[in-house]
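Read through the structure below, which is laid out as structure tokens, and then see the notes.
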Amino acid sequence: MKLSESKRENFYFYLFILPWLIGFLVFALYPILASLYYSFTDYDIISSPRFIGLDNFRELFQDELFYKSILVTLKYTFISVPLGLFLSLIFAMLINMKIPARGFFRTAMYFPSMVSGVSMSLLWFWIFNPEAGIFNYILSLFGVKGPAWFLDEKFAMWGLIIMTFWGVGAGMIIFLAGLQGVPASLLEAAKLDGAGKWRSFWSVTFPMISPVFLFQLIMAVIESFQVFTQAYVMTQGGPNYSTRFYVFNVYVSAFKDFRLGYAAAMAWLLLVAILIVTVIIMKSSNRFVYYEGGRD
């Protein structure tokens, strides 16, 4: 039986997307729906899930570690995100200048961000070693005695924040693409009007790259909410829960305490929090984001 041309095209279309469709249903949609169901159950992997309604969520709001993990994550977000964006933009502006070996510096700045999270964590664990680490050695050259970074709750978080600057090259490349899209004619017009470099940046450059800044801000906030690898490899949430990030808390509840239902409830609260924060940022973005057609 011969198929018409349109039906044949539809057949081949669905045939070619079938592997992706199966992968999406099995490895994405099913786990999402299963985790939503488990969040309303008492589930420990070994025994069958037992439906308990909203008990997991009620227990969460009475759990001190739950609030502690939120505070730790928010502290990390409020410090690392602004500093990371600032450094990414500064480096992008520097390597956007006409300097010798500009291509080399771009590659050198971006390359560290390609290192995997575990490898980076192990490297920085050695750098921050209180006895033989490079960081404390450099501080000693200036007469400063370096702390035991990941053994002291006052400095463990700062050590992890400093680590994040290792990967600013990825954000730098995105900002660089935005900077190269700024019309030179606008900068020349601002210069002719007597605007200095600082004024030109705030009146011309930043408005033109503000959509890029918005994208970077949202992605950085989402990423900061999901910090896990550094805490898992380097601190195990310590000392004294000072680096017990929210996602690390989810991991401990699921795979150490074997409370998958409780962990699923935390995961869904994280999703809701990310959605709310993203909406707030998008709603407030009309104050600083500009498009070619005017203010959005």
Side-chain angles (χ1 to χ4, degrees), residues 60-88 90-91 109 112-171 220-257 259 262-263 266-267 269-270 273-274 277:
L60 272 175
F61 292 107
Q62 298 174 358
D63 187 352
E64 291 185 6
L65 282 181
F66 171 71
Y67 291 106
K68 179 69 175 179
S69 65
I70 292 176
L71 292 176
V72 168
T73 304
L74 289 178
K75 178 181 178 180
Y76 177 87
T77 299
F78 282 116
I79 298 175
S80 67
V81 170
L83 289 177
L85 291 174
F86 174 75
L87 290 177
S88 297
I90 290 296
F91 287 135
M109 287 296 302
S113 63
M114 299 176 63
V115 180
S116 68
V118 175
S119 301
M120 179 189 71
S121 299
L122 292 174
L123 173 64
W124 279 91
F125 191 78
W126 175 74
I127 291 175
F128 281 118
N129 186 293
E131 300 296 332
I134 296 176
F135 205 89
N136 279 3
Y137 172 74
I138 294 175
L139 291 177
S140 68
L141 297 178
F142 297 93
V144 178
K145 179 176 175 55
W149 289 92
F150 299 118
L151 300 176
D152 190 335
E153 61 181 289
K154 295 180 180 179
F155 294 96
M157 175 64 73
W158 288 104
L160 295 179
I161 291 172
I162 293 172
M163 277 178 54
T164 62
F165 302 151
W166 175 266
V168 297
V221 169
I222 293 174
E223 184 178 352
S224 68
F225 279 8
Q226 301 180 76
V227 172
F228 169 75
T229 304
Q230 300 94 310
Y232 177 75
V233 174
M234 305 179 72
T235 64
Q236 286 291 304
N240 195 24
Y241 304 113
S242 61
T243 60
R244 193 180 178 98
F245 292 97
Y246 192 92
V247 174
F248 182 80
N249 201 26
V250 174
Y251 165 80
V252 171
S253 298
F255 300 108
K256 288 192 174 182
D257 298 338
R259 302 188 62 191
Y262 191 71
M266 279 196 286
L269 286 180
L270 176 62
I274 289 175
V277 171

Next item on the list: Step by step, work out the side chain to side chain contact (heavy atoms under 4.5 Å, CB included) result for W126 and I134.
Entry: CA-CA 8 Å; W126 175 74; I134 296 176; 3.4 Å; yes

Starting at [atom1] of [X], measure out to [atom2] of [Y] and round the result to the nearest 0.5 Å.
X	Y	atom1	atom2	value
W124	M163	CH2	CE	7.5 Å
D152	M157	CG	CE	13.0 Å
I162	S80	CD1	OG	12.0 Å
I127	Y137	CD1	OH	15.0 Å
F66	L269	CZ	CG	5.5 Å
T77	I70	OG1	CD1	11.5 Å

Is it the case that atom [atom1] in [X] sees more than 12 heavy atoms from other parts of the structure closer than 6.0 Å?
X	atom1	result
F125	CZ	no
F225	CZ	yes
Y241	OH	no

So, does [X] use its side chain to make a donor-acceptor pair with the main chain of [Y] at under 3.5 Å?
X	Y	value
S224	V221	yes
N136	E131	no
N240	S242	no
Y67	F61	yes
S140	K145	no
Y246	M266	yes

Next item on the list: Please work out which of the three classes, parallel, tilted or perpendicular, describes the rings of F248 and Y251, given edges at 30° and 60°.
Entry: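 Plane angle between 30° and 60°, so tilted.
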
Heavy-atom distance under 4.5 Å between the side chains of [X] and [Y], does that happen here?
X	Y	answer
T243	M234	no
V247	V227	no
F155	F128	no
F135	N129	no

Check: Just one of T235, L160, I161 clears the side-chain contact (heavy atoms from CB on, under 4.5 Å) bar with Q230, so which one?
Finding: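 When side-chain contact (heavy atoms from CB on, under 4.5 Å) is applied between Q230 and each of T235, L160, I161, only L160 qualifies.
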
Which atoms form the tightest heavy-atom contact between [X] and [Y], and what is the distance?
X	Y	answer
P239	F150	CD-O, 3.6 Å
G238	A156	O-CB, 4.3 Å
I222	I274	CG1-CG2, 3.8 Å
S69	N249	OG-ND2, 3.6 Å
S113	G169	OG-C, 4.3 Å

Next item on the list: Would you sort out whether D63 and Y262 count as a side-chain hydrogen bond (donor to acceptor under 3.5 Å, both in side chains), showing the intermediate values?
Entry: CA-CA 11 Å; D63 187 352; Y262 191 71; 2.7 Å; yes

